[in-house]
Structures are given as C-alpha cells and as structure tokens.
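Here is the structure we will look at, set down as structure tokens.
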Protein chains: 2
Amino acid sequence: MTSRRGAHRIHEINAEDVERHASLHPHVLEADVPASKIDRRIARTRRKLEHAFFHLIQDKGYDAVTIQDICEKAGVGRSTFYTHFTGKDDLKRRSLEHLRAELSAYQTMASTTDPGKALSFSLGMFEHARRHVGAYRGLIGSEGLAVSLGGIRGIIADLIRAELAGQGDRQDREIRVAFVVGAFMSVLTNWLDNGAKIEPADIDVRFRSLLFGGLSPG
Amino acid sequence: MTSRRGAHRIHEINAEDVERHASLHPHVLEADVPASKIDRRIARTRRKLEHAFFHLIQDKGYDAVTIQDICEKAGVGRSTFYTHFTGKDDLKRRSLEHLRAELSAYQTMASTTDPGKALSFSLGMFEHARRHVGAYRGLIGSEGLAVSLGGIRGIIADLIRAELAGQGDRQDREIRVAFVVGAFMSVLTNWLDNGAKIEPADIDVRFRSLLFGGLSPG
DNA sequence: GGACGACCCGGACACTTTGTCCAGGAACGA
DNA sequence: TCGTTCCTGGACAAAGTGTCCGGGTCGTCC
C-alpha cells in the first residue's frame, strides 16, 4: 500500500497533454449527444480516462492493463471510473466507436471516388493502423501471434458484409466474410508485428492480390 | 469456504472417467520422457488437471476458468497445481502439444497418400475440430467473434510455413502464411460458432476454393 | 514385503484486483 | 451567487493468485 498521494503521481496526464493529442479516439467523442449540453467535467474525465487507456495498452498490452492503472495514470479516482464505464471492456468498446466512424467514413469516400474498387476499406485501414501502431498492437494482442482483435474484427466484418450483400446465399456470404476478415486481420497484425516496414500501399496490393487472385501464382 | 471434504465433491472427476475419455490431450502425454520412469501419481494428477481444464473451458470459456475451478473439479489440491504448471497459460500450452502432434501426423499422412494436395492440413483440422467442438470453442474464444486462438494459431502457422518453404522471399512468404492462417482460423471459428452444421468436407472445399481461386468468382 | 523417499493435501499467508458505497469538497450552469 | 451535479478519497467485502510448510499417503526399489 503506502499510497503516498500528492500533487502529481508518476506519469499522470494533465489536461493539456490530452488536449493536444490526436489519436484513435479524438474528436468524434460525444457525437451522439448535443456537445454543448454535456458537463465539462464529464467530458474531461472521460477524455483523461480514454487517453490513459490508450497510452497504457501500448506498452503493457490490453490484458495487462488494470483499471487501477488507468485511473492512476489518468489522475482520476477509481470510484469515478465506474460512474462512466462498467469495466475495461466497456471502455475499450466505446473507444473503438471512433475507429468505426473514421473507417466507414473512409470507406464511403473511397467508394464514391473510385466506384469500381471493391473492399476499399483495406488501404485506409492499413494507413490508419500505421498511424497508430502502438494502439493497434496493444488492442490487437500481438503477444506471440495471438489475435484477440477486441472489437476491431467486428468493425471490419461489418464493412465487408455490407459490400458483399446480395451475393449468393446467406451461408455462403458469411463464409466469405469470415474468410476476408480473418485474412485481413492476420496480414494486418503480422505487418504491425514486424514494425510496419512495408508501405501501406504495398502491403495493400499484396493483400488484395492474394485475396482476389488466389494463393497459387506469385 | 466451508470446505467440507469427503469422498467426493460436486463434480469431481475420478480416475475411470479420465481413463476412458479420448480427447484433445489423450495419449501422447509423456512422449518425451521414458513413460515407464515417471511416477504414476504425477501422471494421474496431470491427467486429472488437464481433463478438468478440458471440460471447464467448454462451458465457461478459457478466460472465465480459474485455477481454483480446475483444482476443485479435478479433486486436486491447489498447491499441487503449482508443482506441475506455472499457471493457466502453461496448462493450456501443454495441452495443445497433443493437438500439434495429432495434426502434424495427419498432415504427413495426407501428403504421402496424396502428394499433389497442398495445405492438406485443413480437412484434418476441420474434422478434428468438429470432434471436439466444445474444447475448440472454449479455447478459441467464440465470445462474439473474437479469435484469441491461444496457441492453435501458431500450430497451424507452422504447418503452413513448412509447406510454403522455398517460395519467394522470406517477407512475401510470411505474408502468405499470415493470410492463409488468418483466413483459415476465421472460417473455422465461424463454422464452429454456427454449430458446425456443414460437413467438414464441404466447408473444406469452400475454404480451399476461396483460398486458391480467389474471391471474385463464385 | 518393508523402508525410504517422492508426492499430494490442506490450510495459512500476503498480495492484487475488482466493484460498491458514502461523505464532503469542488466545479459547473444558469 | 446558488443549487445541482460531479469528483474524490477512503473503506469494504469478495475473489483470485502464488508461495510455503507440516504431516499423511502412496509408489518405487531393494
């Protein structure tokens, strides 16, 4: 115990840090609620918590992060955490909403400028992932080669499902969705685990070639 | 607590049950040690623990299973657990060794009887998985659509890697491995989550068609 | 078949994390 | 400024983890 507590703790994050950091969960935050109506204190607390979470998963990985860690780093009382989120998973889920919004925005954008390109999410995802390597690795697992994928997998699956709608029967479609999302997530995490050295555009080409052309050729 | 302890507890597993149950981790157990040299008590305890584990993950899922659960169901002292395994992950890892052995046996068998068939692990895996749906679901996650895959992913990756050896440069090969293993695991878990209704042979055909033929056609 | 030694048991211990509750102080919105 | 809402720090019970030990039990080996 010996919880000496004073002006500032180890790595406490202050408001300014939070403010100037654009990340996985930046703006879109209170998109569904009239942003003016929500108490500043609430917004601030949530922001601090999400940021602490965001930073912590990068060097400890999702599983290793405890709620106490988050609160400590965020400089927020632990009891306060529970007034905003029901637990770690809840926090994760809500943080991922931002990603979902960003991605589907990219998706619709890409499909209007280049209507012929199917499954256009992939490039955007590769790019987004590289921009936030740390967060993705923390969220996605990366320990060894595990792929927990939290909710990211579901997000991608939805995008694919939307695009494959109308093809074949439902059963067959679901198999295809599973196939694509699995292959994609796997290539993505593998790429990240190796430091994302290849350019997003390049890895995207390779992925799409395998996906549409099949394994056999080269 | 109130640990009344007597002849038998709630769902304690006895030696006979263990003996007659062929599963994910049956025979190959002490393959690396001269089987005759190891104390029967050790073998028995390990078997009981692995079996309890095996059963528990089927109705609670890997994460929800605690070491206490395992010991209780196995009828083994908790302190004894730690003399055999360092923790839950260790137990899981060792249990998976059996699967690895079984699969690679199947793999080499299939590739000798039908040398033309690449990536022949898939059918065997589908079949094996259906035989042990519960265990796979518990191990693999299945909550929502997450894919934690414990160590199974690594096992499959090794098989694929071995078969793809010598093609292209190392980087490209790893991408392919990631692609195949990801797609496969995803299709597999999706199949299991839907109750494994389709026949293993059928799902295998669909998977291989997507893999070698690409997504576009039908 | 008996003695020795390895193994297992149960219980205790210190520690960490979780989730809940409350009183009092601080900050917000009007 | 005033009332409401939010945050805090602390305490709490519960659950799980990992470690240690004394004493009983069961294999193994002679």
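Small disclaimer: the values here were computed from a predicted structure and weren't measured. A note on names: the letters A, B, ... follow the listed sequences, proteins ahead of strands, and every chain is numbered from 1.
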Quiz prompt | Exercise: do A:Y82 and A:D90 side chains pair donor with acceptor under 3.5 Å | solution = no
Practice problem: Consider the side chain of A:T80, meaning its heavy atoms from C-beta on, and name the nucleotide among D:dC7, C:dC28, C:dC8 that approaches it most closely. | Solution: D:dC7
Practice problem: Please tell me which of the listed nucleotides, C:dC9, D:dT8, D:dG18, lies nearest to the side chain of A:V76? | Solution: D:dT8
Quiz item: Hey, what do you get for CD (B:E127) to CG (B:D204), rounding to the nearest 0.5 Å?
Solution: 8.0 Å
Exercise. Show your reasoning for whether salt bridge (charged side-chain N to carboxylate O under 4.0 Å, His left out) applies to A:R130 and A:E199.
Key: CA-CA 9 Å; A:R130 176 192 249 183; A:E199 286 302 305; 3.4 Å; yes
Whole angstroms only, please: what is the [atom1]-[atom2] distance between [X] and [N]?
X     : N      : atom1 : atom2 : result
A:D90 : C:dG19 : CG    : C1'   : 14 Å
A:I42 : D:dT8  : CD1   : P     : 12 Å
B:D39 : D:dC29 : CG    : P     : 9 Å
B:L49 : C:dC8  : CG    : P     : 9 Å
A:L91 : C:dG19 : CG    : P     : 12 Å
A:I70 : C:dG19 : CD1   : C1'   : 14 Å
B:R40 : C:dC7  : CZ    : P     : 14 Å

Exercise. Please state whether the phosphate of D:dC6, meaning OP1 or OP2, lies under 4.0 angstrom from any side-chain nitrogen or oxygen of A:H84.
Key: no
Quiz item: For B:Y82 and D:dG18, is the shortest distance between a side-chain N/O and OP1 or OP2 below 4.0 Å?
Solution: yes
All N/O pairs under 3.5 Å across the protein-nucleotides 22-27 of chain C interface:
from: C:dA27; atom 1: N3; to: A:R41; atom 2: NH1; distance (Å): 2.9

Exercise. Go through B:F121 and B:F184 one step at a time and tell me if the ring pair (Phe, Tyr, Trp, His ring centres under 6.0 Å) criterion holds.
Key: CA-CA 10 Å; B:F121 72 93; B:F184 176 73; 4.9 Å; yes
Check nucleotides 12-16 of chain D for protein N or O atoms closer than 3.5 Å to its own N or O atoms and list the pairs.
from: D:dG16; atom 1: OP2; to: B:Q68; atom 2: NE2; distance (Å): 3.0

